[in-house]
Amino acid sequence: MKTSPLGPARPRLMAGNWKMNHLAADIPSYLDEMEAASQGAGVEAWLAVPYTLLTSAAAHCHPRGLSILGQNVHARESGAYTGEISIPMLRETGARGAIVGHSERRQYYGESSEAVAAKAAALQRARMFAVVCIGETQDERDQDHTKEVLTQQLQPVFAALPSIDHVVLAYEPVWAIGTGRTATTSQAQEVHHFIRGLVRDRYGSPPADALRILYGGSVKGDNVEDLVACPDIDGGLVGGASLRGREFGELLRLIG
Ligand code: PGA
């Protein structure tokens, strides 16, 4: 297992996000291709799939040591919330947690940081994992507001969560998602270091040092190694390059 040379040993994690792609029939061949390409890399891998695929993906993935996540979840256990999925429902599929606060959910469905925090807290109470996404837009970066925006996005999360257990943070600059533009390694490392500092201020050093912070935004084969070589970058949250098993497996091989 490779860990950052300068930082404490945090196991690397590669999380794929299929977004609204794929059907159940795609799963077996995807996993075969992924396994062949990863060449036995021992990297922890999670896959966030559409709700309709959760049960079948979990059944196929668990024997192969791959964990399944939802791409969203509702904070309440049950009730009149048409179209929503609760944490007990998610758990019943075999999923181990969910992505919360992806920028596409914030942007297209108006999810506030408070709503994201409530979801993360509910997942934590259920001892399921929350991959909490934060990130600035191009305008915010251009105006030099990146750190302020990230602080504002994290503040409700810090208020709602008594500890940072069962949390993975994902820094995903909105301008880098699906655009082919990746943050440079120094831009990403600077932000990851800043985020870890905020976590340290809130929860103290051991939890901050143990927290995995993923980078997301056009991660692919030709940048993944440089990104995860940075001391505060512990893996990736990958959209486009997770859609083909071969490409996702290749990412696992490169950082394994
Ligand atoms: P991308 O998506 O890898 O296609 O940029 C990342 C994400 O949205 O999580």
Side-chain angles (χ1 to χ4, degrees), residues 12-22 26 30 34 37 43-51 53-54 57 66-73 95-111 113 116 119-120 123 129-138 140-141 146 149-150 153-154 157 167-185 187-188 191-192 195 212-228 230 233-255:
R12 287 180 173 169
L13 171 62
M14 189 58 72
N17 177 9
W18 279 3
K19 306 191 180 183
M20 196 173 71
N21 293 288
H22 285 314
D26 303 333
Y30 178 95
M34 186 198 88
V43 179
E44 189 174 343
W46 297 356
L47 216 43
V49 303
Y51 290 140
L53 303 187
L54 284 167
L66 182 69
S67 292
I68 293 301
L69 301 178
Q71 297 173 6
N72 181 30
V73 75
R96 291 186 68 200
I99 295 175
V100 295
H102 191 282
S103 62
E104 287 151 17
R105 302 243 20 121
R106 293 177 189 259
Q107 190 183 343
Y108 304 140
Y109 305 100
E111 276 190 23
S113 295
V116 172
K119 292 174 187 206
L123 283 162
F129 288 96
V131 179
V132 180
C133 301
I134 55 174
E136 82 286 2
T137 62
Q138 181 70 66
E140 290 162 343
R141 177 162 281 265
T146 299
V149 168
L150 299 174
Q153 290 175 338
L154 281 174
V157 176
V167 172
V168 169
L169 290 182
Y171 169 56
E172 299 205 301
V174 177
W175 48 271
I177 294 178
T179 58
R181 289 180 60 202
T182 324
T184 63
T185 50
Q187 280 173 328
V191 173
H192 280 233
I195 293 168
R212 290 187 286 187
I213 308 178
L214 310 181
Y215 170 80
S218 299
V219 172
K220 41 191 184 307
D222 59 14
N223 58 29
V224 71
E225 288 172 286
D226 289 343
L227 285 163
V228 300
C230 297
I233 302 181
D234 305 306
L237 179 54
V238 188
S242 77
L243 290 182
R244 283 179 297 277
R246 193 162 49 85
E247 208 171 342
F248 191 56
E250 177 71 8
L251 295 182
L252 297 177
R253 185 184 68 72
L254 286 167
I255 68 160

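Position 1 is the first residue of the sequence, and the numbers go up from there. Both counts, for ligands and for their atoms, begin at 1 and track the order of listing.
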TODO: Find all atoms of ligand 1 within a distance of less than 4.0 Å from any non-hydrogen atom belonging to G178, and give their numbers and elements.
DONE: 1 (P), 4 (O), 5 (O)
Task: Whether Y215 and H192 hold their rings parallel, tilted or perpendicular, with breakpoints at 30° and 60° - done: tilted
- [ ] Give the numbers and elements of all ligand 1 atoms closer than 4.0 Å to a heavy atom of G240.
- [x] 1 (P), 3 (O), 4 (O)
Open item on the list: Could you tell me, atom by atom, which parts of ligand 1 come under 4.0 Å of a heavy atom of A176?
Closed with: 5 (O)
Task: Check ion pair R106-E172 (N to O, under 4.0 angstrom) - done: no
- [ ] May I ask you to check if ligand 1 and S218 share an N or O to N or O distance below 3.5 Å?
- [x] yes
- [ ] For atom 6 (C) of ligand 1, find the nearest protein heavy atom and state the residue, atom name and distance (0.1 Å precision).
- [x] G239 N, 3.5 Å
Task: Closest to atom 8 (O) of ligand 1 (judged by heavy-atom distance), picking from Q71, E172, K220, H102 - done: H102
TODO: Check L123, I99, V100, V168 against V132 for a side chain to side chain contact (heavy atoms under 4.5 Å, CB included) and give me the one that passes.
DONE: V100
Open item on the list: Checking D226 against T185: is there a side-chain donor and acceptor pair closer than 3.5 Å?
Closed with: no
Task: Where ligand 1 meets G217 - atom numbers and elements under 4.0 angstrom, heavy-atom basis - done: 5 (O)
Task: side chain to side chain donor-acceptor pair (under 3.5 Å) partner of W175, chosen from E136, E140, Q138 - done: E136
Open item on the list: Distance check, rounded to the nearest 0.5 Å: L154 atom CG versus I134 atom CD1?
Closed with: 4.0 Å
